[in-house]
Amino acid sequence: MSFMNHHTASHEGIKTVGVDNLCDFSSNSDLCVCIVTWNMNGQVSYEDIAELVGSSRKFDLFIIGLQEAPRNNILRLLQTALVETHILLGKAIMQSLQLYVFGPKNSDLFIKELQVDKHSIGGLGGLIGRKKGAVAIRINYKDIQMVFISCHLSAHAHKVDERNYECMHISHSLFSKKWNPYARPAHITIWLGDLNYRIHGIDTQPARNLIQKDLHEKLTSKDQLLQEAERGHIFNGYCEGTLTFKPTYKYNIGSSNYDTSYKVRVPSWTDRVLFKIEDTQKINATLHSYQSMDDILSSDHKPVKAHLCLKLNKLSSPMHQQEHRFLSR
C-alpha cells in the first residue's frame with residue numbers, strides 16, 4: 001500500500017485549499033473530524049491538554065498526533081479532558097511518537113475495521129526520546145474508510161532528501177504486511193505531524209521581519225514541503241489549508257518569541273496537516289479551519305489544529321448501493 005503515488009506520469013503537488021468558516025457540525029456532513037498535531041518537546045500539563053481539546057466539541061472524531069511526548073500518561077490526561085463527550089477508539093504508540101483517535105460515547109458501535117501500524121526510521125536524542133518515524137491508524141467508521149498517519153521526520157534544513165525518502169518509505173511500509181489486494185482503498189488519507197520541512201533560501205532576520213509585519217504568507221514560496229511536492233517528489237495530489245498562521249517553530253519555551261539561542265533558527269512551518277481524497281466522486285471534504293494554537297507556550301513548537309468535514313456521495317454509500325440492487329431486480 002502506498003499513500004504517495006510517487007511514480008506517476010504527471011504531478012499536481014500539494015493543492016492549497018481555502019477555509020469555509022461556516023460549519024453546522026454534521027447536519028450537512030456525514031462526519032466532522034478535529035485533527036491536532038503537536039511536538040511537545042517532552043513537556044505536558046493538563047491545562048495544555050484541555051486547551052488542545054477545547055470546550056466546544058461538536059465534532060465527531062478527535063484525532064491527536066504527538067511528537068516528543070513525555071513519559072507521563074498522556075492518554076489519561078486526554079481521557080480526563082474528554083470524559084464528558086468522547087471515548088478512546090484507537091491508539092498507535094511508538095515511544096514518544098503517539099496517535100490517538102477519540103469518538104463520541106457509544107461510537108465504537110460504528111467501527112467496522114480498525115488496524116494500527118508503525119514504522120521506525122530511528123533517532124533518539126538528548127534527555128527525552130525523539131523517536132523518528134510514523135504511527136498510523138486505519139479505521140472504517142460509519143462506512144468511511146480513513147487512514148491517519150502521524151509522523152516525525154528528520155530535522156535540519158539541509159536534510160530535504162532524507163525527509164523525502166522517509167515520506168516514501170513510510171508510505172510504502174505502513175500496513176504492507178497486512179495488505180489485502182481486495183480491500184477497498186481508503187476514502188481519505190490524513191498525514192499530520194512534525195514533518196520538519198523548513199523555510200529555506202532566506203536569512204532569519206528578513207524572515208522575522210516579514211512575520212512581524214504579518215506578511216508571513218510571502219514565505220510560502222520558500223517552504224521546502226511545498227517546493228518538494230511541486231517537483232513531484234512527495235505528497236502528490238494532497239491538499240492543505242492556506243498557511244495563514246505564523247511559522248510554528250522554533251520558539252523560546254514559555255513565550256511566543258522566536259528562537260534567540262546562538263543558532264537563531266529561521267522560523268518554519270514544520271508542523272502540518274495534509275489530506276488526500278482517493279476519489280472525489282465518492283466523497284467530498286470541506287476544510288473549516290486550519291490554524292496554530294499560539295497560546296500554548298510549553299514547547300518550542302506551536303500545535304496545529306484542523307477541522308475537516310466529510311460527506312459520502314449517496315451513489316457510493318453501501319446503503320444506497322443495496323437499495324439500487326434491490327430496485328434493479
Side-chain angles (χ1 to χ4, degrees), residues 17-40 46-67 69 74-75 77-92 98-108 110-111 114 135-139 141-142 144 146-150 186-194 239-242 244-245 248 271-277 283-296 301-311:
V17 297
V19 168
D20 180 355
N21 293 313
L22 297 175
C23 177
D24 46 18
F25 292 98
S26 295
S27 64
N28 285 325
S29 303
D30 293 311
L31 192 65
C32 282
V33 185
C34 179
I35 306 147
V36 173
T37 180
W38 187 27
N39 183 318
M40 304 179 75
Y46 177 74
E47 290 74 22
D48 285 345
I49 294 296
E51 181 77 14
L52 288 178
V53 169
S55 57
S56 177
R57 300 175 203 156
K58 297 179 181 179
F59 47 78
D60 298 297
L61 297 183
F62 179 73
I63 316 299
I64 182 165
L66 303 171
Q67 308 85 43
I74 303 297
L75 176 57
L77 295 177
L78 285 166
Q79 288 175 316
T80 301
L82 288 161
V83 64
E84 295 181 2
T85 56
H86 286 68
I87 60 172
L88 180 70
L89 299 181
K91 62 180 180 179
Q98 304 180 7
L99 176 64
Y100 301 96
V101 175
F102 289 87
K105 293 181 178 180
N106 299 320
S107 59
D108 51 339
F110 298 109
I111 298 175
L114 193 149
V135 289
I137 295 176
R138 180 184 176 94
I139 184 171
Y141 183 83
K142 290 187 174 181
I144 299 178
M146 296 168 283
V147 174
F148 299 101
I149 302 170
S150 178
H187 288 105
I188 184 169
T189 301
I190 298 175
W191 278 69
L192 56 148
D194 180 359
C239 297
E240 182 184 25
T242 307
T244 57
F245 51 88
T248 54
D271 311 277
R272 313 287 274 266
V273 177
L274 310 171
F275 63 95
K276 183 175 183 179
I277 302 296
I283 190 169
N284 295 319
T286 304
L287 185 66
H288 290 288
S289 69
Y290 189 44
Q291 59 194 21
S292 60
M293 305 183 70
D294 295 339
D295 292 336
I296 293 181
H301 290 253
K302 299 298 184 186
V304 171
K305 178 183 277 191
H307 171 202
L308 192 66
C309 286
L310 309 174
K311 186 172 183 61

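Since this is a predicted model, take the numbers as computed values, not measurements. Nothing fancy with the numbering, it's 1 onward along the sequence.
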Which pair of non-hydrogen atoms, one from [X] and one from [Y], has the smallest distance, and what is that distance?
X: Gly18; Y: Thr242; result: CA-OG1, 4.3 Å
X: Pro303; Y: Ile296; result: CG-CD1, 3.9 Å
X: Lys302; Y: Met293; result: CD-O, 3.9 Å
X: Gly103; Y: Leu61; result: CA-CD2, 4.0 Å
X: Gly90; Y: Leu114; result: CA-CD1, 4.1 Å
X: Ile74; Y: Ala69; result: CG1-CB, 4.4 Å

Is there a donor-acceptor contact under 3.5 Å from the side chain of [X] to the main chain of [Y]?
X: Lys311; Y: Leu31; answer: no
X: Tyr141; Y: Asp108; answer: no
X: Thr37; Y: Gly193; answer: yes
X: Lys91; Y: Leu75; answer: no
X: His307; Y: Ser289; answer: no

Below 4.5 Å, heavy atoms only, C-beta onward: do [X] and [Y] meet side chain to side chain?
X: Ile149; Y: Leu192; value: no
X: Lys305; Y: Cys34; value: yes
X: Ser107; Y: Lys105; value: no
X: Trp38; Y: Val304; value: no

Identify, with sequence neighbours excluded, every residue that meets side chain to side chain contact (heavy atoms under 4.5 Å, CB included) alongside Glu47. Ser45
Nearest-0.5 Å distance, [atom1] of residue [X] to [atom2] of residue [Y]:
X: Met40; Y: His301; atom1: CE; atom2: NE2; result: 12.0 Å
X: Ser150; Y: Gln98; atom1: OG; atom2: CD; result: 9.5 Å
X: Tyr46; Y: Thr80; atom1: OH; atom2: OG1; result: 6.0 Å
X: Trp191; Y: Phe148; atom1: CH2; atom2: CZ; result: 14.5 Å
X: Leu287; Y: Glu240; atom1: CG; atom2: CD; result: 9.5 Å
X: Ile277; Y: Asn284; atom1: CD1; atom2: CG; result: 8.0 Å

Does Leu310 form a side-chain contact (heavy atoms from CB on, under 4.5 Å) with Thr286? I'd like the steps, not just the answer. CA-CA 7 Å; Leu310 309 174; Thr286 304; over 6 Å; no
Sorted by chain and residue number, the ring pair (Phe, Tyr, Trp, His ring centres under 6.0 Å) partners of Tyr100 (sequence neighbours excluded) come out as none
List the steps and the verdict of side-chain contact (heavy atoms from CB on, under 4.5 Å) for Val147 and Ile190. CA-CA 6 Å; Val147 174; Ile190 298 175; over 6 Å; no
Quick one: side chain to side chain donor-acceptor pair (under 3.5 Å) partners of Asp294, sequence neighbours excluded? Ser292
Is the His86 ring parallel, tilted or perpendicular to the Phe59 ring (thresholds 30°, 60°)? tilted
Should the pair Phe62 and Phe102 be assigned to parallel (<30°), tilted (30 to 60°) or perpendicular (>60°) ring geometry? tilted
Could you walk me through whether Ile64 and Leu99 pass the side-chain contact (heavy atoms from CB on, under 4.5 Å) test, one step at a time? CA-CA 6 Å; Ile64 182 165; Leu99 176 64; over 6 Å; no
Scan Asn39, Asp271, Asp194 and name whichever one has a side-chain hydrogen bond (donor to acceptor under 3.5 Å, both in side chains) with Thr248. Asp271
When you check the side-chain N and O atoms of Thr244 and Gln291, is any donor under 3.5 Å from an acceptor? no
Evaluation steps, side-chain contact (heavy atoms from CB on, under 4.5 Å), between Val83 and Gln79: CA-CA 5 Å; Val83 64; Gln79 288 175 316; over 6 Å; no
